[in-house]
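Worksheet: one structure, shown below.
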Amino acid sequence: AEAAWLATTRLRNEPGAGFGALRKSDAQRTQPSLPPTLLHTDQFDVRIANDRLLPEAEQLIKARYAERGYATEGIQLSARDQSRLTLAATDKNADVIGTMSLRMDTPEHRLAADKTFAAELQSLRSHDNKLIEYGRFAIHSDAPAELAKNMMWVAVSASKLNHATHGVIEVNPRHVA
């Protein structure tokens, strides 16, 4: 098995209302409409995934991970998971072409990277840093080239709204240059 890498970045903290300000209420979430757009381009929109988009986002993750031989059992996305926020990029037909999840580090909900990098993450926590993990990142093979950087920009912006000081992502060794 190849060893994973841990990438971290310091985020500039800006005041904001956290994930709660970005989420729809339970009453709004039950509607089958698309959630508001956080970023619009001529080719795609980036949104917070709701119950309408989450099944497609989950399917995309499982398909892309399976193509690379990664385990897909246990991957489940839920709009009701208050420690995780899932972004979905949709094309002009409102089909999901990209997804990424953000998980806030709390004592009740530690990061997935803790399984491999517990000592490194505890070191960051010991300095009163607020961590956020970027994961479950998948992009359709036909998606526009600039989708990845735009999704990451939205993810970092959402992290700042939640006062995160450091972003964390586990990187597969085959992605390290």
Side-chain angles (χ1 to χ4, degrees), residues 1-9 19 22-24 29 32-35 37-39 41 43-106 108-118 120-121 131-159 164 167-177:
E2 300 176 77
W5 291 74
L6 180 71
T8 65
T9 187
F19 287 166
L22 297 174
R23 293 184 190 275
K24 286 187 168 187
R29 196 178 308 131
S33 62
L34 287 172
T37 299
L38 300 175
L39 175 73
T41 73
Q43 297 179 305
F44 58 85
D45 293 319
V46 178
R47 312 163 184 279
I48 295 174
N50 63 0
D51 289 332
R52 180 187 182 286
L53 297 176
L54 283 170
E56 262 189 86
E58 185 176 306
Q59 185 179 22
L60 177 62
I61 293 168
K62 288 179 178 180
R64 297 299 287 173
Y65 282 27
E67 288 173 11
R68 288 162 179 77
Y70 301 144
T72 60
E73 58 274 351
I75 293 177
Q76 185 176 5
L77 301 177
S78 170
R80 284 145 186 60
D81 182 348
Q82 294 300 305
S83 67
R84 179 175 287 136
L85 178 74
T86 300
L87 300 175
T90 55
D91 63 13
K92 292 178 183 180
N93 299 319
D95 294 325
V96 174
I97 58 171
T99 186
M100 173 189 284
S101 290
L102 292 73
R103 184 177 190 108
M104 287 304 304
D105 184 40
T106 67
E108 300 81 28
H109 301 283
R110 288 299 186 197
L111 307 178
D114 272 301
K115 292 176 186 155
T116 310
F117 298 101
E120 293 87 343
L121 295 177
L131 309 181
I132 192 164
E133 183 174 46
Y134 308 110
R136 297 196 174 158
F137 189 42
I139 295 183
H140 192 280
S141 58
D142 295 332
E146 66 273 7
L147 178 59
K149 75 173 183 178
N150 282 285
M151 286 195 71
M152 187 53 96
W153 181 84
V154 172
V156 169
S157 296
S159 302
V168 175
I169 186 169
E170 283 187 278
V171 180
N172 185 301
R174 71 175 88 171
H175 298 304
V176 177

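Starting from 1, each residue takes its place in the sequence as its number. Just so you know, these numbers come straight off a predicted model, no measurement behind them.
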Show which side-chain atoms of residues 94-101 pair as donor or acceptor with protein atoms under 3.5 Å away, not counting sequence neighbours.
| residue | atom | partner | partner atom | Å |
| --- | --- | --- | --- | --- |
| Thr99 | OG1 | Leu87 | O | 2.8 |
| Ser101 | OG | Thr86 | OG1 | 3.0 |

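With contacts defined as side-chain heavy-atom distances shorter than 4.5 Å, the pair Leu34/Arg52 qualifies. Between Leu111 and Phe117 there is no side-chain heavy-atom pair separated by less than 4.5 Å. Counting only heavy atoms from C-beta outward, the side chains of His109 and Arg103 approach each other to under 4.5 Å. At least one side-chain heavy atom of Val156 sits less than 4.5 Å from a side-chain heavy atom of Tyr134.
Applying the side chain to side chain contact (heavy atoms under 4.5 Å, CB included) criterion to Thr72, with sequence neighbours excluded, gives Lys62, Tyr65, Ala66, Ile75. Evaluation of the side chain to side chain donor-acceptor pair (under 3.5 Å) rule for Arg136 yields no partner, not counting sequence neighbours. The side chain to side chain contact (heavy atoms under 4.5 Å, CB included) test applied to Ala118 returns Asp114, not counting sequence neighbours. For Thr37, the side chain to side chain donor-acceptor pair (under 3.5 Å) criterion is met by Arg47, not counting sequence neighbours. Gln76 pairs by the side chain to side chain donor-acceptor pair (under 3.5 Å) definition with nothing, not counting sequence neighbours. Shown here are the salt bridge (Lys or Arg N to Asp or Glu O under 4.0 Å) partners of Glu73, two or more places apart in sequence or in another chain: there are none. With sequence neighbours excluded, the residues forming a side chain to side chain contact (heavy atoms under 4.5 Å, CB included) with Gln43 are Thr41, Pro144, Glu146, listed by chain and number. Take Asp105 and apply the side chain to side chain donor-acceptor pair (under 3.5 Å) test, not counting sequence neighbours, and it matches Arg110, Arg125.
Scanning both residues, Ser159 and Ile132, for their nearest heavy atoms gives OG-CD1, 3.4 Å. Shown here for Leu60 and Ala138, the closest heavy-atom pair between the two residues is CD2-O, 3.7 Å. Contact between Ala49 and Leu54 at its shortest, heavy atoms only, is CB-CD2, 3.5 Å.
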Test Glu67 against Ser141 for side-chain contact (heavy atoms from CB on, under 4.5 Å), laying out the working first.
CA-CA 11 Å; Glu67 288 173 11; Ser141 58; 5.9 Å; no
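Note that OG of Ser78 is 7.5 Å distant from CG of Asp51, once rounded to the nearest 0.5 Å. Atom CZ of residue Arg84 and atom CG of residue Leu77 lie 7.0 Å apart, to the nearest 0.5 angstrom. Rounded to the nearest 0.5 angstrom, Leu147 CG and Ile139 CD1 are separated by 4.5 Å.
Panel note: side chain Glu133, backbone Ala113; a donor-acceptor pair is recorded below 3.5 Å. With hydrogens and angles disregarded, no donor-acceptor distance shorter than 3.5 Å links the side chain of Asn150 to the backbone of Trp153.
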